[in-house]
Amino acid sequence: MIRDTSERRQQISALVRERGSVQVAPLAERFGVSMQTIRKDLHYLAKRGVAERSYGGAISADAVNVATEAPVEAKRLILPAEKDRIGRCAAAMVAPGDSIVLDSGTTTLQIARHLPDLEDVTVLTNDLDILAVLSRKERLNVVMLGGQLRRRNMAFYGAQTVAALEDLHVDKLFLGVDGFDVDRGITTHFEPEAMLNRKMVQTARRVIAVADHSKFGRVCLHRIINAGDIDDLVTDGATSDVTRAADRLGFALHQA
C-alpha cells in the first residue's frame with residue numbers, strides 16, 4: 001500500500017502514460033486508499049496537464065482529442081456520401097414491428113432519411129433535426145425525448161431526457177459517436193451526452209454503433225461504453241484494428 005501522496009501520484013502518472021487510461025476503483029484497491037483520495041489525485045494530475053478526467057477515471061492527455069467539438073452545421077459537411085451509405089445500410093437493419101432509438105448526430109440523421117415509412121415501427125430520438133425528418137413520414141410512430149436543448153448539435157439532454165427512458169425497452173439503438181478506439185472505447189465530447197447514451201444502451205436489446213472511418217482511433221474526453229459492449233458496427237471503412245476487434249470482441253461488422 002502506498003499512502004504517501006507524492007509517491008502515489010507519481011506512480012499514477014506513470015500508469016496513465018503507460019496504459020493510456022486508468023479507472024478510480026482499481027487504483028483505490030491497488031494503493032490501499034479511498035476512491036475519493038484517488039479522485040483528488042486525478043484532479044491534481046488533470047490540473048497539471050498529465051491527464052484528462054473521464055467517466056470513472058482519467059485518460060492520458062496525449063491520447064485525448066481535446067479539439068473543440070464542431071457545430072452541427074460543420075459536421076454535416078464532413079464525409080456526406082459516406083454517412084449517406086452508412087445511413088442506408090443501418091436503416092435496412094430495421095424490421096417491421098421494431099422499436100428503435102436514433103441517437104443525435106449527422107450519421108443517425110441519414111438513418112432517419114432512409115427509414116421505411118412503416119406504421120408498426122416506433123422511433124425515439126432526442127435530436128431536433130432527426131425529428132424534422134421523421135415528421136414527414138406519415139406512418140411511423142415518433143417519440144421525442146424532451147429535456148434542455150443544446151444548440152451546438154440541436155439535441156436535447158438532461159435529467160428529463162434520461163428519465164423519459166427509465167421504463168422503456170426498445171429493440172435497437174443506433175448510436176452515433178465522436179470517437180471509436182478499440183482500447184479506450186466509444187467516446188464523446190459532451191458529458192451529458194455520454195450519460196444519456198449509457199441510459200439508451202441500458203434500454204436496448206441490440207446496440208448498433210454507426211461511425212465513418214474518420215472516427216476510428218479518435219478518443220474524446222467522455223467514455224460512453226467499451227467497444228465490446230456493442231452488438232454491431234456499421235461503417236464505410238473499418239481499419240485493420242477494428243476488424244480484428246470485431247473478431248475478438250464478438251460484434252458484427254457491416255460495411256456500407
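What you see is a predicted model, and the numbers here were worked out from it, not measured in a lab.
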Mark yes or no for whether [X], through its side chain, and [Y], through its backbone, hold a donor-acceptor pair below 3.5 Å.
X      : Y      : value
Asp127 : Gly105 : yes
Lys215 : Val177 : yes
Asn226 : Gly228 : no
Thr125 : Leu102 : yes
Asp117 : Arg139 : yes
Thr161 : Gly146 : yes

Legend entry - Arg150/Glu193 salt bridge by N-O under 4.0 Å criterion: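 Looking at Glu193 and Arg150, the cut-off is not met.
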Inset, instruction - Could you tell me whether Arg218 and Asp178 make a salt bridge, using a distance below 4.0 angstrom between a side-chain N and a carboxylate O? - result: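 Salt bridge between Arg218 and Asp178, a charged N being under 4.0 Å from a carboxylate O: no.
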Inset, instruction - Could you tell me which residues satisfy ring pair (Phe, Tyr, Trp, His ring centres under 6.0 Å) with Phe156, sequence neighbours excluded, listed by chain and number? - result: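 In terms of ring pair (Phe, Tyr, Trp, His ring centres under 6.0 Å), with neighbours along the sequence ignored, Phe156 is linked to no residue.
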Inset, instruction - State, yes or no, whether a side-chain contact exists between Asn141 and Val121 at a heavy-atom distance under 4.5 Å. - result: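 A side-chain contact under 4.5 Å is absent here.
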Inset, instruction - Kindly give the heavy-atom pair with the smallest separation between His222 and Phe190, and that separation in Å. - result: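 For His222 and Phe190, the tightest heavy-atom pair comes out as CD2-C, 3.9 Å.
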Inset, instruction - Determine the minimum heavy-atom distance between Asn126 and Ser104, stating which atoms define it. - result: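 Asn126 and Ser104 have their closest heavy atoms at OD1-N, 3.5 Å.
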Legend entry - Donor-acceptor pair between Ser99 and Asp171 side chains, under 3.5 angstrom: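 Present: a donor and an acceptor within the cut-off.
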Inset, instruction - Answer yes if the side chains of Thr37 and Ser34 hold a donor-acceptor pair under 3.5 Å, and no otherwise. - result: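 Their side chains do contain a donor-acceptor pair, which is all the 3.5 Å distance test asks for.
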Determine all donor-acceptor pairs shorter than 3.5 Å in which one atom belongs to a side chain in residues 246-256; sequence neighbours excluded.
unit_1 : atom_1 : unit_2 : atom_2 : d
His254 : NE2    : Asp232 : OD2    : 2.8
Gln255 : NE2    : Asp236 : O      : 2.6

